[in-house]
Q: 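Below is one structure. I have some questions about it.
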Amino acid sequence: MDQALVDELDADDEADDHTLPDLPNVEDYETVRLRAAPNPNGPWHLGHARMPSVIGTYTDRYDGEFVIRFDDTDPETKRPDISAYDAILEDIEYLGFEPDEVYRASDRIETYYDHARELIEMGEAYTCDLPAEEFSELKREGTPSPNRDKDPETVLEEFEAMVDGDYESGEMVLRVKTDIEHKNPALRDWVAFRMIDTPHPREEAADYRCWPMLDFQSGVDDHLVGITHIIRGIDLQDSAKRQQFLYDYFGWEYPEVLHWGHVQIDAYDIKISTSTIKELIDAGELDGWDDPRAPTLQSVRRRGIHGEAIVDSMIGLGMSTTDVDLAMSSIYANNRDIVDDEANRYFLVRDGQEIPVVGDAKPEAGHPPLHPNHEDRGDREIPVDDAVLVEPDDIPADGERIWLKGYGCVRYENDAFVATGDDISVVRDGDVGVIHWAPADDTVSVTMRTPDGDVTGAAEPAFADTAVDEIVQFERIGFVRVDEHGEEGSVVYYAHP
RNA sequence: GCUCUGAUGGUGUAGUCCGGCCAAUCAUAUUACCCUCUCACGGUAAUGACCGGGGUUCAAAUCCCCGUCGGAGCACCA
């Protein structure tokens, strides 16, 4: 490799490195450790890809470590879906990252209990049996709960009763003492543990009734697991401030923390939320998480979009705290970059109209190339017997010529194509348009599943040679992923133009 | 009501900390043209933005103030 090329590559690397801002104070830590903390309530939608994309990119940059922690501490309202744990890990793998460690909060309940006990002994937490609305009222006016001054022994006793499941849901909580007059009401004496009657779906955790809230669980874990930088959404803006009280009591250093806004994706009719998608699947309006109409990672994966294309787009969003709209066209452009060179070309005729081909100048077959930029890959062979299929919109006016790509020029006369014998110069001169086509016989029937619904068509015979999982381009239509070659025909998933 | 937080073209982003090199970067999008037996790829060009108003300054996207608009939290959700 010559020096100029090396320099150029280095320059490229550098440019890539700086698409995301540097993390703060990385030099203060031996190893940068980042975590994604998903709630496993379903497979991921497109928006979820941002966290692993950014974290994975940072871990690569700093040679750090990537931790996944399932924050599955609400068996009821955010009930985990038992199959989602693996589905999410697969989604991460699809995006091209491999977590160094995987935790489940529901495995670590005893640890949270231990820290709660410690906190109680320090006198910094109290059990509170006030109904939620009543406490909320007091909090608004900055009045402490009457339970706030209980002595630690009583608190500990009552907390152990919580742990033992002696209370019903709603009867008792453990609150962290913060500052009941804090100017930000969101920080006043927040709940650390509450009772939940519904058993956790994971067998290992099914016996617990006393569950930590996110701010407690996540705060304790981030420290214990050695997270150096926390990246999270603006919905958790106040979390760090809440958890800071905990860190102060325990004498811990709070990790660096960054926030970002929400991501919306254009181009989908469906609302991008796990629960909405789940409802649509349950109602039978979507075939599953990988339905091409679903805004999920499983869906775009099946459509042949590389995880890398998604990661690139996510990185392009940067780290701003404002809400952002991600255009699918950005993902498509990235993907086209990746697949165009490799994707061989084929013809698919949708809604084909059969038109006889006549004339002495009629070739026996068409031979379009597999790839216009790679002659070495050779040609396809499309035999023509008596007729071809073309798309209705492509049929020229009576008396006009059209070029059947890879085959030759024909004139449309009396509902038939008459071979003219013209050479390619008629196309180069701009007199004649070029269209794709298929033979009338021997085609492969194809169902193309798209985000806008299914389309059927007939593909040229050579399409049968493609492999399942291969990305090909149907000329003048777009890129598709071959999903299945079945008895009834083939199924492809449409990626993008 | 209280508390955070933000605002650069259609979209995303750089620049904002440390004012001048910013008549504002890059990508995407759209539109033309070139290339081409695809409406792909590649190439060229065009389009298009500093939320508003004051102030400080020789000089403001950048600093200050006031508005406007947006997002978030004040859950026994994550």
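Throughout, protein chains are lettered first and strands after them, A, B, ... in sequence-line order, and every chain is numbered starting at 1.
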Q: Please list all pairs passing the side-chain hydrogen bond (donor to acceptor under 3.5 Å, both in side chains) test where one or both residues lie in residues 315-339 of chain A, with sequence neighbours left out.
A: R303(A)-Y332(A), S313(A)-S330(A), S313(A)-N334(A), S320(A)-T322(A), N335(A)-H496(A)
Q: Is there a donor-acceptor contact under 3.5 Å from the side chain of E158(A) to the main chain of V155(A)?
A: no
Q: Between rC76(B) and rG12(B), how far apart are the P atoms? Round to whole Å, please.
A: 34 Å
Q: Between rA40(B), rC74(B), rC37(B), which nucleotide gets closest to the side-chain atoms of W403(A)?
A: rC37(B)
Q: Do D422(A) and T420(A) get their side chains close enough for a donor-acceptor pair, meaning under 3.5 Å?
A: yes
Q: What distance, rounded to whole Å, do you find between the two P atoms, one in rA72(B) and one in rA27(B)?
A: 33 Å
Q: Could you tell me how far rG6(B) sits from rG48(B) if I compare only their C1' atoms? Round to whole Å.
A: 23 Å
Q: Taking atom P in both rG54(B) and rA60(B), compute the distance separating them and give it to the nearest angstrom.
A: 13 Å
Q: So what does L236(A) hit on the nucleic acid, given a heavy-atom distance under 4.0 Å: a base, only sugar-phosphate, or nothing?
A: base
Q: Between L214(A) and R50(A), name the one whose nearest nucleotide on RNA chain B is closer to the 5' end.
A: R50(A)
Q: Polar pairs (N or O, both sides) under 3.5 Å between protein and nucleotides 47-52 of chain B?
A:
none

Q: Answer yes when D221(A) and R35(A) have at least one side-chain N-carboxylate O distance shorter than 4.0 Å, and no when they do not.
A: no
Q: Between D340(A) and R345(A) (salt bridge meaning N to carboxylate O under 4.0 Å), is one present in this structure?
A: yes
Q: Quick one: do E475(A) and R380(A) make a salt bridge, cutoff under 4.0 Å?
A: yes
Q: Just call it for G316(A): base, sugar-phosphate, or nothing, with non-hydrogen atoms closer than 4.0 Å on any strand.
A: sugar-phosphate
Q: By the 4.0 Å heavy-atom rule, please label L174(A) as base, sugar-phosphate, or nothing.
A: nothing
Q: I'd like the P distance from rU38(B) over to rC50(B), given in whole Å.
A: 41 Å
Q: Using the P atom as the reference point in each nucleotide, state the distance between rC64(B) and rA78(B) in Å, no decimals.
A: 38 Å
Q: Tell me the closest heavy-atom pair linking P99(A) and V102(A), and the distance in Å.
A: CB-CG2, 4.2 Å
Q: Grab the N/O contacts between the protein and nucleotides 1-8 of chain B below 3.5 Å, and write none if there aren't any.
A:
from	atom 1	to	atom 2	distance (Å)
rC2(B)	O2'	K183(A)	O	3.0
rU3(B)	O2'	N184(A)	ND2	2.7
rC4(B)	OP1	K183(A)	NZ	3.0
rC4(B)	O2'	K241(A)	NZ	3.2
rU5(B)	O4'	Q237(A)	OE1	3.2

Q: Could you check F474(A) against F463(A) for side chain to side chain contact (heavy atoms under 4.5 Å, CB included), going step by step and ending with a plain yes or no?
A: CA-CA 10 Å; F474(A) 282 137; F463(A) 176 70; 3.7 Å; yes
Q: Is D71(A) salt-bridged to K78(A), cutoff N-O under 4.0 Å?
A: no
Q: Could you identify which residues of residues 72-79 of chain A place a heavy atom less than 4.0 Å from some atom of RNA chain B, listed by residue number, or say none?
A: T73(A), D74(A), T77(A), K78(A)
Q: On the nucleotide rA75(B), are OP1 or OP2 found under 4.0 Å from the side-chain N or O atoms that S136(A) carries?
A: yes
Q: Whether the side chain of R401(A) engages the backbone of V426(A) through a donor-acceptor N/O pair (distance < 3.5 Å, no angle test) should be reported.
A: no
Q: Describe, in one word, how the ring planes of H374(A) and H371(A) are oriented to each other, choosing from parallel (under 30°), tilted (30 to 60°) and perpendicular (over 60°).
A: perpendicular
Q: Can you tell me if the side-chain N/O atoms of S320(A) get under 4.0 Å from OP1 or OP2 in rU13(B)?
A: yes
Q: At less than 3.5 Å, do the side-chain atoms of R345(A) and the base atoms of rA40(B) form a donor-acceptor pair?
A: yes
Q: Taking the nucleotide of RNA chain B with the closest heavy atom to each, which residue, V324(A) or R476(A), is nearer the 5' end?
A: V324(A)
Q: Can a salt bridge be assigned to the pair E137(A) and R140(A) using a cut-off of 4.0 Å between side-chain N and carboxylate O?
A: yes
Q: May I ask you to say what F479(A) touches in the nucleic acid, namely base, sugar-phosphate or nothing, with a heavy-atom cut-off under 4.0 Å?
A: sugar-phosphate
Q: Enumerate all atom pairs, one protein N or O and one N or O from nucleotides 42-45 of chain B, separated by less than 3.5 Å.
A:
none

Q: In terms of side-chain geometry, is the basic nitrogen of E391(A) or R350(A) positioned less than 4.0 Å from the acidic oxygen of its partner?
A: yes
Q: Looking at R79(A) and D72(A), is any side-chain nitrogen of the basic one under 4.0 Å from a carboxylate oxygen of the acidic one?
A: no
Q: Identify whether any heavy atom of A333(A) sits under 4.0 Å from a base atom; if not, whether one sits that close to sugar-phosphate; answer base, sugar-phosphate or nothing.
A: sugar-phosphate
Q: Taking T296(A) for the side chain and W289(A) for the main chain, is one N or O donor matched with an acceptor at less than 3.5 Å?
A: yes
Q: Inspect the contact between R175(A) and D189(A) and indicate whether a charged nitrogen and a carboxylate oxygen are less than 4.0 angstrom apart.
A: no
Q: Among V173(A), V176(A), D238(A), which residue satisfies the side-chain contact (heavy atoms from CB on, under 4.5 Å) criterion with W190(A)?
A: V176(A)
Q: Answer with base, sugar-phosphate or nothing: what part of the nucleic acid does P38(A) contact at a heavy-atom distance below 4.0 Å?
A: nothing
Q: Base, sugar-phosphate, or nothing for V191(A), non-hydrogen atoms under 4.0 angstrom?
A: sugar-phosphate
Q: As a check on the pairing definition, encode RNA chain B in dot-bracket form, counting Watson-Crick and G-U wobble pairs whose two distances are under 3.5 Å, and using | for partners outside this strand.
A: (((((((..(((.......[.....)))((((((.......))))))...(((((..]....))))))))))))....
Q: Determine the contact category for M172(A): base if any of its heavy atoms lies under 4.0 Å from a base atom, sugar-phosphate if only primed atoms, P, OP1 or OP2 are that close, otherwise nothing.
A: nothing
Q: Base, sugar-phosphate or nothing for D325(A)? Non-hydrogen atoms, less than 4.0 Å.
A: sugar-phosphate
Q: With a 4.0 Å cut-off on N to O distance, would you call R188(A) and E181(A) a salt bridge?
A: no
Q: For R380(A) and rC37(B), give me the distance from atom CZ to atom P, rounded to whole Å.
A: 15 Å
